[in-house]
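Throughout, protein chains are lettered first and strands after them, A, B, ... in sequence-line order, and every chain is numbered starting at 1.
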Amino acid sequence: MPKNKSGPLLTLAAVAALGGGIWFANVSQETDPPSPATPVAQSTTTTTVTPPAPPPPSSPPPVAFPAKANYISKIPTAAGIITLEVTIDGQTAIAYACDGNAIEVWLRGSATNGALALTSRDQTSRLTGRLDEASIAGALTIGAKSWDFRAAPVEAPAGLYVYEDDGVRNSWIVDSGGTVTGVQRRADGTTGPAPTLTKDGTAVVDGAAVTATKVEGETDVE
Amino acid sequence: MSSEPDTAGIGAAVALAIGALVAVGLGVFGKVHDPQFFSINVAGFSSGVAVKTWLATVAIVLALFQFGSAFAMYGLLGGRTPAWISTAHVWSGRLAVLASVPVAVHCLYALGFQGTDTRVLFHSLFGCFFYGAFVTKMLLLTRDGLPAWVIPIAGGLVFFGLVFTWLTSALWFFQTSGIIV
């Protein structure tokens with residue numbers, strides 16, 4: 001057996017240094033959550049969808065959402081892109097955000113006078129926003145993290161789709177280019193990439209072909 | 001009993017206490033710290049979870065070698081123990097624990113200590129236990145005059161902690177997602 005007494009201490013020091021170093025690298029990448037009063041900065045957001053022609057400059061900005069509308073934003077974060085979909089149906093707003101891998105959150109709330117206020121069921125995540133010309137400018141908060149976003153309107157079949165059965169929930173966002181991002185949450189609460197959603201809205205879930213439902217105001221997502 | 005085992009006993013108790021503090025401290029910190037969901041990762045894998053799974057699996061393979069080489073060092077495998085075995089034991093152990101560090105930091109930073117289901121709860125407990133046991137064993141190695149059974153027990157507990165941490169995470173990942181890179 002080695003009698004070199006400094007060896008184990010060096011090992012401990014190496015472990016502490018490596019762990020501390022990775023931790024520090026993580027912390028230094030953190031972004032400060034924006035203060036609620038700060039206007040949404042255009043430069044911090046990107047969208048891959050083409051916004052429609054803005055209304056003529058002479059007309060006042062709309063203060064109410066369309067009766068039915070869908071908006072999508074791709075939010076770049078330190079470690080990946082979060083795709084956000086906002087569905088407006090009358091006075092109800094439903095939003096879903098995911099990274100296509102493991103992180104997802106469903107939010108529900110109101111869409112009145114061109115303003116959005118949504119929370120997740122467990123209240124740990126929230127979304128606020130307002131209609132800005134034809135897009136939504138807002139902030140999405142998941143846990144302790146917060147990001148500004150700008151979501152552009154999209155037309156069907158782009159939107160939000162869900163299929164739930166036997167405690168397994170598959171959620172997909174289809175953007176205007178037809179790209180699908182989704183997360184599957186299993187009955188035990190674990191998450192992973194959702195199965196492929198085809199152009200006709202079907203997917204194979206646990207060996208069975210199923211048809212996804214397009215989310216609307218009355219859609220009740222568990 | 002001479003007086004030497006008594007001071008060794010105090011030293012061992014201190015090592016145990018520090019290890020216990022590390023384990024509880026990690027757990028409390030993981031519980032209090034706000035999960036950040038994201039953490040820095042290694043490029044080239046399909047997901048952060050896949051990276052963790054493979055790093056943890058590297059640690060487990062090295063730990064299995066630790067297990068075998070420890071038996072050899074104590075002459076339990078019969079025959080003559082080659083001189084290089086103890087050096088290999090030290091370095092495989094170092095590599096194993098270093099491979100586990102990025103995984104643990106990701107767990108603590110991005111997710112924290114959780115008990116959403118039995119697997120997650122036990123994984124959190126075993127993960128904290130592993131680092132506590134590891135610190136204890138490293139400190140014990142620096143003490144003289146310990147009873148002969150102390151180091152094997154400590155090493156066994158470190159091995160136990162790592163194996164069960166792996167079983168409740170990486171094995172679960174392979175079973176649910178398949179063997180993916």
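With rounding to the nearest 0.5 Å, the separation of CG in B/L108 from CD1 in A/I22 is 11.5 Å. The line from OG1 of A/T11 to CH2 of B/W91 is 7.5 Å long, rounded to the nearest 0.5 Å.
By the side-chain contact (heavy atoms from CB on, under 4.5 Å) test, A/S171 pairs with A/Y96, A/E104, A/W106, A/V162, A/R169, sequence neighbours left out.
Ranked by heavy-atom pairs shorter than 4.5 Å toward chain A, the options B/V135, B/L139, B/L98, B/V97 are led by B/L98.
In terms of heavy atoms, B/P102 sits closest to A/L18 at CD-CD2, 4.3 Å.
In this structure the side chain of B/R119 reaches within 4.5 angstrom of the side chain of A/T190, judged on heavy atoms.
By the neighbour-count criterion of 12 heavy atoms within 6.0 Å, atom CZ of B/F65 is densely surrounded, having more than that number from other residues, nucleotides or ligands.
At least one donor-acceptor pair closer than 3.5 Å links the side chain of B/R94 to the backbone N or O of A/G7.
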